[in-house]
Amino acid sequence: MTITSSQVTSANDMGNPGFRFNPTDEQLVNYYLRYKICGNDNEVSAIGEIDNICNYERWDLPMLAAIPSQDTWYFFSPPDRKYRKSGNNNRVTRAGFWKVTGKKREIKNRRNQVIGFKSTLVFYRGRLRDPAWTNWTIHEYQLNSSCFNGRDYIISRLHRKQRRRAVNSVVDEVENTLADMTLADV
């Protein structure tokens, strides 16, 4: 798959109506991540860079993104290893931790070649003894090949799921009753 720079949305395009940054998994790995590792930072300005995603709390990250969004944000960051030569990443923050869910999935190009991998992480508030699940997830993308030019990066797609409201729930009924009582008092 060949992508020219005119086909890729930049951070400047996002101010125009009708533009939305929603690259496929293949585009994230084969274009954005590959260009970033090769040192073509100007070609991938639509994705912001941070030092380590776990150095920030999940609610602070949307403000650091290159492209504003309501529910999905993208970041480049070098992997933060627990130990110098370890393949395990450090995923602990001050308020909780990111837990890997499921298995690492292969990302293939149109010729059915494996070009990268995708891992899914869910944020849990608290510590290991009594964690509380949240509606924040990260999809981490990494290249299949070893790093080029000594630069090693991953792309993190941070996503906040919208909570579903139950129709005619008890909370809605109480809120409506309180609102009616307030209007009656006026």
Show the nearest heavy-atom pair for residues [X] and [Y], with the distance to one decimal.
X: L158; Y: P62; value: CD2-CD, 4.4 Å
X: F76; Y: Y32; value: CZ-O, 3.6 Å
X: L28; Y: P23; value: CD2-CG, 3.5 Å
X: N135; Y: K161; value: ND2-O, 2.7 Å
X: V114; Y: K108; value: CG2-CE, 4.0 Å
X: R160; Y: Q70; value: NH2-O, 2.9 Å

Atom [atom1] of [X] and atom [atom2] of [Y]: how far apart are they, to the nearest 0.5 Å?
X: T72; Y: I67; atom1: OG1; atom2: CD1; result: 11.5 Å
X: N144; Y: E106; atom1: CG; atom2: CD; result: 8.0 Å
X: R34; Y: E43; atom1: CZ; atom2: CD; result: 15.0 Å
X: I47; Y: K36; atom1: CD1; atom2: NZ; result: 9.5 Å
X: E140; Y: S77; atom1: CD; atom2: OG; result: 7.0 Å
X: L64; Y: F75; atom1: CG; atom2: CZ; result: 6.0 Å

More than 12 heavy atoms from other groups under 6.0 Å of [atom1] on [X]:
X: D130; atom1: CG; value: no
X: Q113; atom1: CD; value: yes
X: D60; atom1: CG; value: yes

Can you check whether I138's main-chain N or O pairs, donor with acceptor, with S156's side chain at less than 3.5 Å?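 Judged by distance alone, no pair lies under 3.5 Å.
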4.5 Å side-chain heavy-atom contact, P78 and N52: no
Spell out, yes or no, whether [X] and [Y] are grouped together once hydrophobic residues are joined by side-chain heavy atoms under 4.5 Å, including indirect joins.
X: I37; Y: I107; answer: yes
X: L61; Y: F21; answer: no
X: L33; Y: Y31; answer: yes
X: L121; Y: V92; answer: no
X: Y153; Y: V44; answer: yes

Checking side chain to side chain donor-acceptor pair (under 3.5 Å) for the pair T93/E57: CA distance, chi angles, key distance, verdict? CA-CA 7 Å; T93 69; E57 296 303 330; 3.3 Å; yes
May I have the step-by-step check of side chain to side chain donor-acceptor pair (under 3.5 Å) for N42 and Y35, ending in yes or no? CA-CA 9 Å; N42 293 337; Y35 271 50; over 6 Å; no
Consider only side-chain N and O atoms of D51 and Y56, and report whether a donor and an acceptor are under 3.5 Å apart.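 Side-chain D/A pair, D51 to Y56: present.
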Show me the donor-acceptor pairs, under 3.5 Å and distance only, between side chains in residues 95-105 and residues at least two apart or in other chains.
residue, atom, partner, partner atom, Å
T101, OG1, T120, O, 3.4
R105, NH2, T120, OG1, 2.9

Would you call the rings of W136 and W73 parallel, tilted or perpendicular if under 30° counts as parallel and over 60° as perpendicular? parallel
